[in-house]
S.K.: 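Structure incoming, see below.
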2 protein chains.
Amino acid sequence: MDKGQAQGKAKKAGNGGRAERAGSRDPERTRASILAAATVEFAENGIGGARVDAIAERAGTNKRMLYHYFGDKEQLYLAVLEEAYIGIRTAERSLNLSDLAPEQGVAELAMFTWKYFREHPEFLSLLGTENLHGARWLRQSTRLKELHSHFIDKLAELLDRGKAKGLFRVDADPLNVYLTIAALGYFYLSNRHTLTTIFDRDLMDESNLEDWRRHIVQVTLASIRR
Amino acid sequence: MDKGQAQGKAKKAGNGGRAERAGSRDPERTRASILAAATVEFAENGIGGARVDAIAERAGTNKRMLYHYFGDKEQLYLAVLEEAYIGIRTAERSLNLSDLAPEQGVAELAMFTWKYFREHPEFLSLLGTENLHGARWLRQSTRLKELHSHFIDKLAELLDRGKAKGLFRVDADPLNVYLTIAALGYFYLSNRHTLTTIFDRDLMDESNLEDWRRHIVQVTLASIRR
DNA sequence: TCACAAAGTAACTGTTTAGTTACTGGCTTT
DNA sequence: AAAGCCAGTAACTAAACAGTTACTTTGTGA
């Protein structure tokens with residue numbers, strides 16, 4: 001499960017054929033490995049169902065290390081959540097909404113969000129878990145506050161350009177636009193299991209997924225067009 | 001462990017009038033009380049975080065009764081889930097979509113769903129929990145299968161009447177219409193905690209809630225109108 | 001009125017769990 | 001070269017947990 005250490009300070013520790021476990025004296029790697037394992041475990045089982053032992057095992061390391069790097073289970077969960085949010089907001093920046101025509105910008109944002117949700121089911125799960133608990137951990141996090149307002153500002157700018165051109169309704173609200181995009185993507189994907197069971201249609205079929213992507217773009221634009 | 005149980009000396013068993021606490025030799029009442037308590041506990045904590053002791057205490061009864069009536073924790077969870085689904089589908093029937101004009105029918109369905117979601121946050125939580133676990137329990141349930149197809153049939157009928165009058169697009173799909181309505185309501189309400197924290201707007205403010213209700217109706221109709 | 005079945009209780013059990021302790025080994029510094 | 005510190009391990013502990021047992025209470029009908 002472990003391949004040779006390729007980091008900058010690669011130590012040649014393996015003299016004499018010592019054990020090949022994950023943690024061969026590489027703190028950065030061990031920390032990252034725990035965080036990745038915790039992301040999977042929390043996403044799959046929620047905070048109440050996640051097991052500290054399972055995380056350590058998945059990470060190929062030891063419980064002691066988990067407490068060493070992250071303090072306790074809750075702080076580890078918070079680190080996972082923060083990293084997940086940083087992930088989506090960072091990716092969003094590469095969109096460069098400022099350079100796009102208004103309608104195209106909204107369409108690109110919708111398609112980006114859909115794609116990101118599809119590729120990061122663990123993000124959706126973590127959001128669900130966090131909301132189940134009333135955003136108790138997110139509210140504690142100081143790191144994340146300003147990350148988001150920047151994004152809404154950019155979207156507001158894009159909408160304003162559309163309004164100036166007479167394309168969009170003057171009362172179109174950036175948060176509502178984003179909520180619409182996120183809602184349609186989030187619900188479809190995160191509730192796919194119950195929906196598929198109940199309504200007897202395979203929502204994860206590629207052509208259904210493609211239809212829904214088009215639907216999101218169409219609906220979002222229709223909701224703000226004049 | 002189980003100290004402070006108010007049951008201790010409450011064995012007078014209310015001969016003159018019905019006892020207020022559960023568990024005075026009234027099986028129907030005890031069962032219902034456990035089910036209600038379990039609904040709250042599972043909705044608040046998920047299946048992994050829910051505690052059997054907490055459910056018994058909330059129900060004003062004893063763990064033994066819980067196992068007596070429901071078998072074990074998982075079967076109790078399934079009973080809670082089934083009851084929750086029966087709740088919404090039963091309420092939906094009172095809509096009588098068949099009697100309404102097409103556009104009005106869709107608007108009424110959207111407003112009904114929004115209202116039901118607002119009034120039953122525990123239903124949204126249970127859905128979230130069930131989806132986190134891949135609809136594992138729902139799939140086991142035989143009771144629920146036909147409950148839903150009936151509802152979609154009624155909606156299809158309504159859309160067909162709208163199509164015949166030239167009001168709706170001929171490719172308007174009943175499941176997509178319902179998904180749109182449910183998505184916009186579900187996401188807004190179930191993710192309100194993280195959204196409010198991040199975007200600094202109180203989504204539960206009455207005027208914002210009212211705006212979103214109008215938004216759902218508008219968007220849904222716009223997505224199917226010719 | 002009394003037997004018995006169903007409803008209910010409290011204390012218990014074996015297991016799982018988050019978190020800790022006591023220890024090993026190796027890299028770096030002086 | 002030895003001291004000291006940091007990454008890492010395994011075995012341990014106290015508490016929490018789901019589920020059980022042994023027992024008491026109460027309404028009913030023969």
Side-chain angles (χ1 to χ4, degrees), chain A residues 1-2 5 7-35 37-38 41-42 45-78, chain B residues 1-16 18-19 21-34 37-38 41-42 45-78:
Chain A
M1 63 168 61
D2 180 30
Q5 49 281 72
Q7 288 304 92
K9 303 176 71 178
K11 310 289 191 314
K12 190 62 203 265
N15 38 357
R18 263 279 170 262
E20 312 290 328
R21 309 302 311 291
S24 294
R25 210 154 185 85
D26 188 339
E28 212 43 51
R29 185 188 164 85
T30 301
R31 218 194 99 102
S33 176
I34 292 170
L35 201 60
E41 177 73 8
F42 282 122
N45 302 105
I47 192 151
R51 295 290 164 253
V52 169
D53 289 285
I55 293 170
E57 199 188 331
R58 256 194 238 257
T61 182
N62 187 286
K63 243 202 305 191
R64 176 72 180 79
M65 290 294 93
L66 189 155
Y67 286 96
H68 182 241
Y69 287 114
F70 295 97
D72 63 11
K73 188 183 177 182
E74 300 207 357
Q75 284 176 269
L76 174 57
Y77 169 77
L78 180 57
Chain B
M1 306 262 167
D2 280 355
K3 16 184 59 180
Q5 199 85 309
Q7 292 299 336
K9 30 171 67 175
K11 49 171 69 166
K12 32 100 178 257
N15 292 333
R18 267 279 178 267
R21 305 277 290 158
S24 296
R25 206 151 186 87
D26 186 340
E28 214 41 52
R29 186 187 165 84
T30 301
R31 218 194 100 101
S33 176
I34 292 170
E41 178 74 9
F42 283 123
N45 302 105
I47 193 152
R51 296 291 163 250
V52 169
D53 289 286
I55 293 170
E57 201 187 331
R58 256 195 238 257
T61 181
N62 186 284
K63 242 202 306 190
R64 177 70 181 80
M65 290 296 94
L66 190 155
Y67 286 95
H68 181 243
Y69 287 114
F70 294 97
D72 63 12
K73 188 184 176 181
E74 300 206 358
Q75 286 175 267
L76 174 57
Y77 169 76
L78 180 57

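Below, chain A is the first sequence line, B the second, and so on; all start at residue 1. Scope of the values below: all heavy atoms of this structure, side chains included, with no hydrogens, waters or symmetry mates. If you're wondering where the values come from, they're calculated on a predicted model, not measured in any experiment.
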S.K.: Hey, is the side chain of A:T30 poking within less than 4.0 Å of OP1 or OP2 on D:dG8, counting only N and O atoms?
M.R.: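 True: A:T30 side-chain N/O within range (under 4.0 Å) of D:dG8 OP1/OP2.
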S.K.: A:Q75 versus A:Y69: any side-chain heavy-atom pair under 4.5 Å?
M.R.: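 Sidechains of A:Y69 and A:Q75: no contact.
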S.K.: How long is the span from the OG1 atom in A:T30 to the CG atom in A:L66, to the nearest 0.5 Å?
M.R.: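 Here the rounded value is 11.5 Å.
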S.K.: Is there a side-chain contact between A:E41 and A:Y77 in this structure, where contact means two heavy atoms from C-beta onward sitting under 4.5 Å apart?
M.R.: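 Not touching, per the 4.5 Å side-chain cut-off.
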S.K.: With a 4.5 Å limit on heavy-atom distance, are the side chains of A:L76 and A:I55 in contact?
M.R.: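 Yes, close enough: below the 4.5 Å cut-off.
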S.K.: Which nucleotide in the list D:dG8, D:dA18, D:dA7 gets nearest to the side chain of B:K73?
M.R.: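 Nearest to the side chain of B:K73 among the choices is D:dA18.
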S.K.: What is the separation between atom OH on A:Y67 and atom P on D:dC12, rounded to the nearest whole Å?
M.R.: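 Roughly 18 Å, once rounded to whole Å.
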S.K.: Whole-Å distance between D:dA10 C1' and A:D53 CG?
M.R.: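 Whole-Å distance recorded here is 12 Å.
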S.K.: Please report, rounded to the nearest Å, how far the C1' atom of D:dG19 is from the CZ atom of B:F70.
M.R.: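 Spelled out: CZ on B:F70 to C1' on D:dG19 is 16 Å.
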S.K.: Look at A:H68 and D:dA7 and indicate whether a side-chain polar atom (N or O) is within less than 4.0 Å of OP1 or OP2.
M.R.: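 So the side chain of A:H68 is within the cut-off, an N or O lying under 4.0 Å from OP1 or OP2 of D:dA7.
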S.K.: Could you please name the option among D:dA10, C:dG8, D:dA7 that lies closest to any side-chain atom of A:R64?
M.R.: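 My answer, after comparing the listed nucleotides, is D:dA10.
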S.K.: Counting C-beta onward and ignoring hydrogens, is there a side-chain heavy-atom pair between B:V52 and B:K63 closer than 4.5 Å?
M.R.: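 Yes. Closest side-chain heavy atoms under 4.5 Å.
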S.K.: Of all the nucleotides listed (D:dG8, C:dA7, C:dT9), which has the minimum atom distance to the side chain of A:M65?
M.R.: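 Among D:dG8, C:dA7, C:dT9, the one nearest the side chain of A:M65 is D:dG8.
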S.K.: Find the distance A:E74:CD to C:dG19:C1' and express it as a whole number of Å.
M.R.: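 The answer, rounded to whole Å, is 13 Å.
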S.K.: Please tell me if B:T61 has a side-chain N or O lying less than 4.0 Å from either OP1 or OP2 of C:dT9.
M.R.: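 The answer is yes; a side-chain N or O of B:T61 sits under 4.0 Å from OP1 or OP2.
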S.K.: Once you round it to whole Å, what is the distance between C1' of C:dA6 and CD of B:E28?
M.R.: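 Going from CD in B:E28 over to C1' in C:dA6 covers 14 Å.
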S.K.: Could you tell me how far apart B:R31 (CZ) and C:dG8 (P) are, to the nearest whole angstrom?
M.R.: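 One finds 13 Å between P of C:dG8 and CZ of B:R31, rounded.
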S.K.: Using a heavy-atom cut-off of 4.0 Å across all strands, would you classify A:A50 as base, sugar-phosphate, or nothing?
M.R.: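 Counting heavy atoms under 4.0 Å across all strands, the contact made by A:A50 is with sugar-phosphate only.
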S.K.: Could you tell me the separation between the CD atom of A:E57 and the C1' atom of C:dT16, rounded to a whole number of Å?
M.R.: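 Checked: the CD to C1' distance equals 15 Å.
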S.K.: Rounded to whole angstrom units, what separation is found between the CD1 atom of A:I34 and the C1' atom of D:dT9?
M.R.: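 In whole Å, D:dT9 C1' lies 13 Å from A:I34 CD1.
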S.K.: On DNA chain D, does the nearest nucleotide to B:V52 precede the nearest nucleotide to A:K63 from the 5' side, or the other way round? Give the residue.
M.R.: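 It is A:K63 whose nearest nucleotide is closer to the 5' end.
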S.K.: Need to verify one output field. Residue with the more 5' nearest nucleotide on DNA chain C, A:R51 or A:N62?
M.R.: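 Result of the comparison: A:R51.
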